[in-house]
Amino acid sequence: MNALANNPTAQAVDNVLIYIFGFSLILLLGITVVTVWLVIKYHRSKHPEPTSEVSHSILLETIWTLLPTLIVLTMFWYGWTNYTGLREVPEGALEVKATARMWSWTFEYPDGQRASKLYVPVGKPIKVQLISTDVLHSFFAPAFRIKRDTVPGMETYIWFEATEPGSYDIFCAEYCGVGHADMTTSIEALNEADFAAWQQPKATGGEARGLAVMNELGCVGCHSLDGSEGIAPSLFQLAGQKRNLASGGEITINAEYLKRAIRDPNAEVVAGYDPMMPAYDENTMNDADLQAVVDYLLGKVQKPVAPKIDARALLENNGCIGCHSNDGSESIAPTFKGLGSRQVTIIRDNEEKTIKVDAAYLRQALLNPNKELVKGFPAIMPSADYLSDEEIDALVQYLLQQ
Ligand code: CUA
């Protein structure tokens with residue numbers, strides 16, 4: 001069906017689909033053609049008087065009874081054998097435990113390693129045991145044509161085998177609350193050497209361990225680390241802060257509170273949030289990991305430093321330099337040289353006006369370039385509104401220093 005479909009489970013599903021669809025198409029066309037032909041052949045104009053030519057043909061009736069029965073039985077047989085193939089996990093499969101919760105996935109390997117993406121080696125069958133800690137979710141990997149509900153209190157499973165390295169989508173296919181649409185991750189199929197390298201124990205001690213645990217367990221799916229509030233309180237700079245509790249009263253955030261908030265999250269919910277966080281017991285997060293997370297939250301969560309934007313590269317990569325020179329020469333557009341200290345005459349509402357170039361003007365000149373044109377230049381610059389806010393800011397700062 002498509003380039004990804006050469007893996008065993010996809011092939012099993014696709015073959016049956018094509019088989020059933022093919023027969024359906026042939027029958028649809030056949031029946032339509034015969035119907036039209038009969039309508040024409042027995043049109044009233046050719047047979048003005050009702051006749052009684054009706055007789056029957058044992059041969060014909062036998063054929064049109066047996067043939068469809070056989071076809072439907074082959075569809076069943078073909079579908080059944082392929083379906084059982086989807087349920088019988090091949091020998092030597094790697095077993096991975098997938099835990100679904102509102103609203104993230106965690107994958108746990110036999111050696112205890114955990115990850116938020118499903119890393120698998122190419123060419124080896126993978127058995128995924130599906131567990132839910134709260135409500136119904138559904139593990140759906142379209143490239144492998146596999147989908148199975150994760151049911152609280154029940155263990156379900158699915159298997160697949162990646163035949164080519166690559167990244168394949170995983171969705172939650174069962175509506176499970178406000179975060180449902182974000183409950184996505186991926187199967188990362190690695191070749192043998194890359195997978196072996198990935199399996200090597202990672203050196204994560206101290207604070208790095210705390211962050212790693214939170215990523216593995218999907219905490220950051222609901223709790224931001226940068227101060228933005230979403231469906232759960234942000235974890236940015238918590239130490240010593242006070243919070244109102246939904247039950248009334250106030251707490252000061254310290255190690256004891258954070259530990260309780262992880263082990264028994266719904267006992268003391270921060271005001272304004274719903275009690276919906278699953279509890280993390282010793283089996284999910286052992287005491288050492290709990291301590292690492294708490295240490296990380298109390299001391300180390302700082303606003304992530306935004307990657308530095310290279311404004312000069314932005315100007316070059318977006319073709320600005322094609323019209324605006326850096327060296328003071330002017331052709332079809334004003335030069336960037338000396339921009340930060342320049343007075344320019346602009347046309348605003350059909351009137352000339354002299355202004356000093358500042359951040360506000362540059363921002364407008366980037367986003368809405370033809371609104372206030374510098375006198376003497378044609379209105380030909382496209383808007384740079386496809387750049388992010390941060391990129392625009394970086395450009396404005398850079399240009400002011402020219
Ligand atoms: Cu989980 Cu939808």
Original post:
Parallel, tilted or perpendicular for F171 and F140, by the 30°/60° rule?
Top reply: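 Tilted: the ring planes of F171 and F140 meet at 30° to 60°.
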Non-hydrogen atoms of [X] and [Y] that approach each other most closely:
X: F144; Y: A162; result: CE2-CA, 3.8 Å
X: T252; Y: Y257; result: O-CB, 4.3 Å
X: S383; Y: L367; result: OG-O, 2.7 Å
X: V269; Y: P265; result: CG2-O, 3.8 Å
X: L399; Y: L339; result: O-CB, 3.6 Å
X: V357; Y: L400; result: O-CD2, 4.1 Å

**OP:** Could you give me the CA-CA distance, side-chain angles and deciding distance for F107 and V120, then say whether side chain to side chain contact (heavy atoms under 4.5 Å, CB included) is met?
**Re:** CA-CA 11 Å; F107 302 100; V120 299; over 6 Å; no
How long is the straight-line distance from [atom2] of [Y] back to [atom1] of [X], given to the nearest 0.5 Å?
X: L27; Y: I71; atom1: CG; atom2: CD1; value: 5.5 Å
X: I347; Y: T345; atom1: CD1; atom2: OG1; value: 8.0 Å
X: E164; Y: N7; atom1: CD; atom2: CG; value: 9.0 Å
X: H324; Y: Q402; atom1: NE2; atom2: CD; value: 12.5 Å
X: D281; Y: T133; atom1: CG; atom2: OG1; value: 10.0 Å
X: E250; Y: K242; atom1: CD; atom2: NZ; value: 5.5 Å

Heavy-atom count around [X] [atom1] within 6.0 Å, excluding the residue itself: above 12?
X: K259; atom1: NZ; value: yes
X: K337; atom1: NZ; value: no
X: E192; atom1: CD; value: no
X: R87; atom1: CZ; value: yes
X: E351; atom1: CD; value: no

Restricting to salt bridge (Lys or Arg N to Asp or Glu O under 4.0 Å), what partner residues turn up for [X], sequence neighbours left out?
X: R114; answer: E216, D289
X: E352; answer: K375
X: D393; answer: R363

With heavy-atom distances below 4.5 Å as the criterion, would you say the side chains of [X] and [Y] are in contact?
X: T156; Y: F139; answer: no
X: R348; Y: K371; answer: no
X: V128; Y: F160; answer: yes
X: T106; Y: R101; answer: yes
X: K147; Y: S138; answer: yes
X: V13; Y: L86; answer: yes
X: T335; Y: N326; answer: no
X: I131; Y: T150; answer: no

Original post:
Are a donor atom and an acceptor atom from the side chains of S234 and S224 found within less than 3.5 Å of each other?
Top reply: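 Yes, side-chain donor-acceptor contact under 3.5 Å.
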Donor-acceptor pair, [X] side chain versus [Y] backbone, under 3.5 Å?
X: N82; Y: Y78; answer: yes
X: D149; Y: V151; answer: no
X: Y109; Y: Y119; answer: yes
X: Q113; Y: Q199; answer: yes

**OP:** Let me see the working for L290 and M285 under side chain to side chain contact (heavy atoms under 4.5 Å, CB included), right down to the final yes or no.
**Re:** CA-CA 6 Å; L290 179 69; M285 191 191 285; 3.8 Å; yes
Original post:
Which pairs count as side chain to side chain donor-acceptor pair (under 3.5 Å) when at least one residue sits in residues 261-273, sequence neighbours excluded?
Top reply: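 Qualifying pairs: E229-Y273, R260-E268, R263-D287.
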Subject >> All pairs passing side chain to side chain donor-acceptor pair (under 3.5 Å) where residues 15-41 contributes a residue, at least two apart >> reply: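 Non-adjacent pairs meeting side chain to side chain donor-acceptor pair (under 3.5 Å): Y19-T74.
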Original post:
L235 and M214: side chain to side chain contact (heavy atoms under 4.5 Å, CB included), yes or no, with the steps?
Top reply: CA-CA 11 Å; L235 303 177; M214 290 201 301; 4.0 Å; yes
**OP:** Given side chain to side chain contact (heavy atoms under 4.5 Å, CB included), test E108 with T99 step by step and report yes or no.
**Re:** CA-CA 8 Å; E108 192 174 341; T99 304; 5.6 Å; no
Output a table of donor-acceptor pairs, distance under 3.5 Å, between side-chain atoms of residues 172-188 and any protein atom two or more places apart or on a different chain; print 'none' if there are none.
{"residue": "H180", "atom": "ND1", "partner": "E174", "partner atom": "O", "Å": "3.1"}
{"residue": "T185", "atom": "OG1", "partner": "S116", "partner atom": "O", "Å": "2.8"}
{"residue": "S186", "atom": "OG", "partner": "E188", "partner atom": "OE2", "Å": "2.6"}
{"residue": "E188", "atom": "OE2", "partner": "S167", "partner atom": "OG", "Å": "2.9"}

